[in-house]
Amino acid sequence: MSTRTLLLVEDNPQDELLTLRALRKANLNASIDVVRDGQQAVDYLFCTGEFSTRSTTLPDVVLLDINLPKLSGLDVLTRVRAEPHTKLLPVVMLTSSDDERDRLNSYGIGANSFVSKPLEFAEFMSSVGLLGTYWTRTNTPP
Amino acid sequence: MKVPVQGGAIADMAMPREIAPASSDVDNPLNNDKQLIELLPVMVWTTTPSGHVNFVNLQCSAFTGVPREQLMATDMMSVMHPDDLAIHDEILQKMLHGRAAFEYEVRVRHHDGQYRRCLVRAIPDIDSAGEVTRWMGTSTDVEDLRQAADQIKLKEDHYRLALDAAQLGTWHHDFRNDEIHLDARACEHFGVSRAILNRAEFKACIEPADWQASSEDILPQPAQAKNNHRAVEFRVRRPDGDVRWLSSQISVEYSDEDQPRALRTISVSRDITAVKQAEARLRESEARLRRFAEHSDDALWLGDSDTMLPLYVSPAFERMFGRPLHNEFDNADTWLQSIHADDRKELEHLINTRYRTGFTVEFRIVRRDSSTIWARNRTFPIYDDRGELIHVGGIIEDITQRKQFEESLRLERERFDRVVAVVPGVLYSYRRISSEQGQYTYMTPGLAELHGVTNEDLANNAATVFRWVPAEDVRMARSTVAEACQRLVQWRMDYRVMHPMKGLRWLSINAVPVRDADDTVTMHGLVVDITARKQAEEQVQRLNADLELRVQQRTAELSAANEELESFAYAVSHDLRAPLRAMWGFCDALIEDYGAALPQEAREYLQHVIDGSRHLGEIIDGLLALSRSTRGDLRRDPIDISVMAEKILRDIARVEPQRRVTWAIQPGLRAYGDSRMIDAVLRNLLGNAWKYTALRAAGLIRVYAEFIDDEYFFFVEDNGAGFNMEHAEKLFLPFQRLHRQDEFQGLGIGLATVQRIVHRHGGKVHGSGIAGHGAKFCFSLPLPDDTATNLPVIEIQE
């Protein structure tokens, strides 16, 4: 079984630290790449810009924040769903918003899941851990 | 020479008459006393038996102026009237062949040349042998006698003619034989054919009643006939049944004796039937007129033209003057006192100056009971057939009602004028002849001025009202009027006048068309200058448009503000949560990863940071919920309150399984509303109930509904800590709490959220409580009007 790759798009360094710690604690056998804004995420996924030299392998799952500098998470998702080879890429919206509209928009554009970042640390740990586990282990594409 | 008139004698005078033969004694003087014969003042003559004149006396010659010889030579024929020569022949024949005396009247020429009538008498002288030996005669001048008789005859003829002309009949009653003699006219009057009647026959002619009353006058006994001249009227009944009225003038004729005896009555009768009938008709006519006068409501009077005293006044006077009039009219001053003082002078003046020429005047009569009536007197002269003034007549009418009517009309008119004066516009009546022709039959001042024309313009041509009205408005007016006249409906129209002095004016016309008797239509209406109103309307329209714009601007500003608010809430949820999560997360991580290395106190401090973070997080969540409850679309989902409450309580109970709380939920409570929001409401209320029953050994929460004032209220009731109603006004204010944090934790946002959500649904929310005994909250969720009919009825099951 090859190593799973997980792309975290997060502009808040503290959230990034907490998320990475939660994923680490969940004992995922996966490599995690982190980009910090929407543009970087797009470049990463389509191997453009600073990631033009990156191999074209896609991550197994993208954890995508919505509030991002440059391009928002929803913009990124729109681009991903627009390209045939990224169309089926699993994308989980991971956001501190529990706004109804964000949720509806996300599912409307084609997010696979929508997870509101809980405030309580324990809950956060458990949520992120479950996410990582599900998308890197259980939900293996055929 | 006067001849006494003796009845019966006159008629016979001219007739020849046989005279007895003279005795022989007569001869003697003639023979023996020739001298005497010569001196006689009558003509005496003798003839031979064959008629030759052989003697004439001196008088013959004196009378005729012809010598005796000549007279005898011509047998006196030379002096006889030529027309009477035939008589002479007759005389000769009598003498030759007769033996009887005779007399003739012959005209003989007098010596003055005039022929005079003479009576010729002759007697034969007969000898013993019976032979006529000679004729002796006399001729007597009877001319004067005859003339007198002729005069009498003429008079009698005239008298008869007069009687005939007067249709007078004569009759006389002879006392000696009690016979009544009637002339032809009298026979006609009495209806009898015989000229002589006896008393019984005469009586039978008289109407019995009149005979009974007047027989002594009509046919008096001689002893009763005292008054020698009297008149009597009576009726006679003629054989054909006709009854005639006769008037008789009866005179009594007495004898010439020393003790005069009544000989007979002489009567002249006249048929007065026509007069009697005329009199009866006149009486009837007068009676009719009088009845008419007596029954008339108008007072009729007749006055003497000279004395001005009343001759007749009808009974209506008493009614009119309200007092008996026995003496009122004896003295004009008396009745004048009944005339109202203000009117008396004029009336007196008219009476004094115009009594005989007539006048008409109105005045008031003050009656005895002090009431006043209005009267109108018309005085007029009455002339006879010859055009001479005989009477002055008058008619007085009671015109009180008319006056009252006039007065009420005047008051009505005054009221009308007063109303018209304050009507803000011009009233008019317009008689429409055709679409472009007509005339104003009535208008209050100002119509011309409103239309910028003159009154003369309007009088000349009513259409000049449109002089300054735009053609478009004129067309509209004409078609509106035409239709209104056709259908006879009230109409109203606003139109413009480009007034030469005032500029654009708006007028409003309002009219009711009425069809007149002659089939034309007259419009009665009102024209009002509504320029000010129009300007105000335009102002309002401008203001409204302005307002609309401002509302739009405000709405735009508001929605911008709302958007800002939303993005603020969004930012809060993102930007505040992140650092909070970091504080909380790293404290947790610190305790988890390095907790063992930290002193107990440090771990407790970290725990305080975590508690603070948690509290802050709850505040943020509460604020977001509150914010969310007032924005976004409001849905109307069917909600089963009972099921929802049950689910929420189970959720809560799962968190705190150690709590022993029982709940009783009325099943089947249904409502319509935004299910997410109502869920928040119930979660808050039930959460509170759960929270505040924490200190109860046996907490009880009840959910039920009640019908209060036409509305369903859903109740959430607990037996928890309750609250003091003194602070009830703070219940629904955000961040207001009735309990200390160390008693019951909370933010003070829950009930504020509940209230906002219920209000958004148009419902009501109330809370009540007793400190230490529990709290009770209720809310209603009325159905929106437009959906009420489409929604199923909510059934409440006990």
Side-chain angles (χ1 to χ4, degrees), chain A residues 8-27 34 36-38 63-75 93-106 108 114-129 131-132, chain B residues 562-563 565-595 606-607 609-635 655 674-677 679-680 747:
Chain A
L8 174 64
V9 188
E10 176 62 78
D11 66 318
N12 185 317
Q14 281 127 18
D15 274 355
E16 181 195 331
L17 269 176
L18 288 171
T19 305
L20 289 176
R21 181 171 178 270
L23 290 171
R24 193 172 65 238
K25 291 259 174 182
N27 293 317
V34 179
R36 295 196 168 79
D37 64 45
L63 301 183
L64 183 59
D65 195 3
I66 288 181
N67 264 21
L68 289 172
K70 299 183 182 171
L71 285 176
S72 79
L74 295 175
D75 292 335
M93 308 306 286
L94 183 67
T95 171
S96 49
S97 164
D98 62 349
D99 194 279
E100 181 78 13
R101 285 170 301 176
D102 283 344
R103 188 190 304 270
L104 289 175
N105 284 339
S106 301
F114 184 97
V115 176
S116 183
K117 288 183 242 177
L119 283 171
E120 194 172 343
F121 183 71
E123 202 182 328
F124 180 78
M125 289 292 286
S126 110
S127 294
V128 174
L131 268 177
Chain B
N562 270 340
E563 273 171 30
L565 201 65
E566 279 185 33
S567 57
F568 170 73
Y570 191 79
V572 165
S573 68
H574 265 88
D575 300 350
L576 289 184
R577 275 163 172 261
L580 186 60
R581 196 163 47 239
M583 280 155 52
W584 191 344
F586 286 111
C587 285
D588 252 356
L590 204 56
I591 291 169
E592 198 179 308
D593 293 355
Y594 306 102
L606 282 173
Q607 191 56 48
V609 175
I610 289 167
D611 288 347
S613 300
R614 181 183 290 117
H615 190 62
L616 182 57
E618 284 169 0
I619 290 174
I620 292 168
D621 284 346
L623 279 174
L624 283 174
L626 185 63
S627 153
R628 237 181 261 127
S629 67
T630 52
R631 63 186 166 85
D633 294 333
L634 187 72
R635 300 206 309 251
V655 177
D674 191 310
S675 57
R676 298 159 306 167
M677 293 191 190
D679 183 84
L747 302 171

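As the structure is a computational prediction, the values presented were derived from the model and not from experiment. So you know, we letter chains A, B, ... as the sequences are listed, proteins then strands, and number each from 1.
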### Query
Thinking salt bridges, do A/Arg21 and B/Asp588 make one under a 4.0 Å N-O criterion?
no

### Task
Return the minimal non-hydrogen interatomic distance between A/Leu18 and B/Arg581, and the atom names on each side.
CD1-O, 3.8 Å

### Query
Run the salt bridge (Lys or Arg N to Asp or Glu O under 4.0 Å) check on B/Asp593 and A/Lys25 step by step: do they pass?
CA-CA 11 Å; B/Asp593 293 355; A/Lys25 291 259 174 182; 3.3 Å; yes

## Note on the structure
Sorted by chain and residue number, the side chain to side chain donor-acceptor pair (under 3.5 Å) partners of A/Asn105 (sequence neighbours excluded) come out as none

### Task
Would you please name every residue forming a side chain to side chain donor-acceptor pair (under 3.5 Å) with A/Thr95, sequence neighbours left out?
B/His574

### Leading residue by heavy atom contact count with chain B [cutoff under 4.5 Å; candidates A/Leu17, A/Asn12, A/Asp102, A/Ile66]
A/Asp102

